[in-house]
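Here's the structure we're looking at; comments come further down.
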Protein chains: 2
Amino acid sequence: MASNWEEFYATHLPPTDFEDNRSLLKEFCERHNKPGERIVLVTSGGTTVPLEHNTVRFVDNFSAGMRGAASSEYFLEQGYNVIFMHRLKSLEPFTRHFNGQKLMDMLDLQENSRNVTITVKPDSVDVLAPILLNYKAAQDGGRILYVTFTTVSDYFWLLRAACECLAPLGAKALLYLAAAVSDFYVPSYEMPTHKIQSAAVPNISLQLVPKLLSPVVSLWVPHAFVVSFKLETDENILLSKARDSLNKYKHKLVIGNILQTRRQKVIFVTPESNYDVSLTREQMLGGIEIEEPIISNVVHSHTNFILGQFRSAK
Amino acid sequence: MASNWEEFYATHLPPTDFEDNRSLLKEFCERHNKPGERIVLVTSGGTTVPLEHNTVRFVDNFSAGMRGAASSEYFLEQGYNVIFMHRLKSLEPFTRHFNGQKLMDMLDLQENSRNVTITVKPDSVDVLAPILLNYKAAQDGGRILYVTFTTVSDYFWLLRAACECLAPLGAKALLYLAAAVSDFYVPSYEMPTHKIQSAAVPNISLQLVPKLLSPVVSLWVPHAFVVSFKLETDENILLSKARDSLNKYKHKLVIGNILQTRRQKVIFVTPESNYDVSLTREQMLGGIEIEEPIISNVVHSHTNFILGQFRSAK
């Protein structure tokens with residue numbers, strides 16, 4: 001019998017830009033599969049579940065994409081190459097610091113008889129310059145690849161393709177699965193073609209989305225270091241749900257967080273133990289982001305994992 | 001018996017930033033309630049329907065906010081003052097032309113021993129300068145007010161407040177209701193406090209959202225020129241649904257559009273007639289936006305409406 005994730009792929013077509021993205025992923029992973037290099041796949045933002053084929057309405061998951069976007073910057077700082085697989089129009093590394101109006105407000109326009117120049121106001125240069133430098137360094141060094149998804153089905157196709165390209169890197173591949181993936185979906189054959197008419201209240205028939213962590217860990221990238229996230233709103237069940245997930249999928253780390261406090265504190269749950277990673281009040285006021293200690297902890301564990309593989313191979 | 005919209009307000013609290021927004025709306029409308037000035041309220045983007053009190057999941061409406069954002073620029077061009085009431089993080093006038101990366105890519109950084117300067121690359125100045133000039137003119141002239149909503153309940157509170165502030169302008173107020181408002185919602189008392197657990201498939205109990213067009217037209221701004229939108233995916237029902245809406249709510253204009261062709265063609269449905277407003281292939285290739293002829297048609301009708309009121313008052 002086909003597993004439920006195999007059935008999902010069998011009944012959902014790949015997105016139209018899938019082959020382009022697969023080529024980009026392949027090229028990126030091959031280029032960085034070299035001694036001393038590592039690749040992290042960061043998934044970020046929420047997936048949607050369309051309620052109609054010609055989609056007017058969809059169920060979405062709360063996620064601006066802050067965790068994934070910020071984490072990607074710290075991974076780049078630590079020398080990782082980053083596949084930033086994110087929800088279209090969610091926050092991105094670097095640009096997340098400025099919305100469009102904020103950037104426009106930084107600009108000054110000078111006109112003279114000959115020509116027009118536009119410069120960044122001197123007092124905004126201090127803020128913008130370091131971010132712009134890091135952005136350009138990552139771009140020019142070919143160290144970041146942006147790929148996007150919208151629906152949960154897009155996400156499924158991209159994630160499997162990314163895993164296939166990452167598998168040759170073995171332990172040097174890190175999966176940091178921060179995307180907020182839908183738990184439920186409306187099967188293709190139950191979906192109406194046109195916009196649901198509002199004369200009657202619709203009866204939305206939902207099914208459980210298969211958990212991809214299972215094939216990711218056991219089949220697709222069995223030698224990679226896999227980190228998943230667990231978001232809850234009820235503190236009482238967070239630790240046990242994170243521990244259950246780790247026991248079930250046998251990966252390396254679950255990072256648990258509570259919706260209301262996720263910018264200050266997370267809990268690391270490993271096969272051996274669990275511990276908090278949090279910011280002090282002073283750190284928060286000083287503008288330190290929780291992703292900074294999260295990433296240094298993750299990178300530390302990943303390094304030990306690579307060393308462990310290396311030793312056991314001797 | 002209370003109408004269903006009255007009951008909605010009675011059972012849903014205003015958003016936390018409501019009083020601030022109400023003050024801003026009041027100040028804006030009073031300042032522009034002068035001979036020769038007009039105000040348009042543009043609503044833009046989709047509203048969400050939270051499925052949980054601590055919201056992790058919500059139902060959303062497909063809308064990037066392009067129609068409302070583009071239309072606002074053309075209204076400003078035509079001399080209107082604009083209240084841009086939009087979904088948080090949807091497209092905005094001016095900044096809609098550039099995403100964050102596109103703006104970052106336009107910037108050049110120069111370092112010398114003394115200091116750092118950032119300038120816009122000469123070949124990007126041509127594109128950016130006219131947009132930046134229009135943006136700054138609207139900002140500096142105090143001619144645009146940005147207010148945001150996320151949930152359908154936020155939208156309800158803001159829309160009523162905006163109407164109350166616009167009512168004194170009489171016929172000089174134009175309502176251009178382009179937001180994609182949810183048709184269904186989960187009543188507060190049926191909503192779980194915490195994230196729905198994925199062990200079981202949830203049974204989402206939806207109710208119909210009351211239609212606000214009714215009190216808008218008959219009670220809140222009875223002298224304003226009100227334009228609503230109708231979006232369908234099925235061409236066969238568009239005209240009759242638009243006509244039904246006009247007959248029911250007795251406002252001035254319904255602009256009908258089909259999801260797949262909404263950037264090329266719309267249909268204007270008025271009490272007297274209906275006609276298409278569309279772009280030729282050449283216009284589309286030339287970068288003309290459909291909102292340009294839409295707004296000139298709307299403004300023309302609004303002007304006639306104001307003149308008509310003036311004549312009938314004599």
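Numbered from 1 within each chain, the chains take letters A, B, ... in sequence-line order.
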Taking side chain as C-beta onward, heavy atoms only, is A:L128 less than 4.5 Å from B:I118?
-> yes

Compare all side-chain heavy atoms of A:Y135 with those of B:D105 and state whether any distance is below 4.5 angstrom.
-> yes

Check the surroundings of atom NZ in A:K121: do more than 12 heavy atoms from other residues, nucleotides or ligands lie under 6.0 Å from it?
-> yes

Over 12 non-hydrogen atoms of neighbours within 6.0 angstrom of NZ in A:K89 = no

Please state whether the side chain, the backbone, both or neither of A:Q101 comes within less than 4.5 Å of a heavy atom of chain B.
-> both

Starting at [atom1] of [X], measure out to [atom2] of [Y] and round the result to the nearest 0.5 Å.
| X | Y | atom1 | atom2 | result |
| --- | --- | --- | --- | --- |
| B:N99 | A:L103 | CG | CG | 10.5 Å |
| B:E92 | A:M104 | CD | CE | 9.5 Å |
| A:L107 | B:T119 | CG | OG1 | 10.5 Å |

All heavy atoms of A:V116 vs all of B:A129, minimum pair found to be CG1-CB, 4.2 Å

Side chain, backbone, both or neither: which part of B:A180 has an atom under 4.5 Å from a heavy atom of chain A?
-> neither

Sequence neighbours excluded, which residues qualify as ring pair (Phe, Tyr, Trp, His ring centres under 6.0 Å) partners of A:F8?
-> A:H12, A:F156, A:Y185

With a 4.5 Å heavy-atom cut-off (strictly below), which parts of residues 137-151 of chain A touch chain B? List them by number.
-> A:Q139, A:Y146

Paired with B:D60, the side chain to side chain contact (heavy atoms under 4.5 Å, CB included) test is passed by just one of A:T48, A:V59, A:D60, namely A:D60

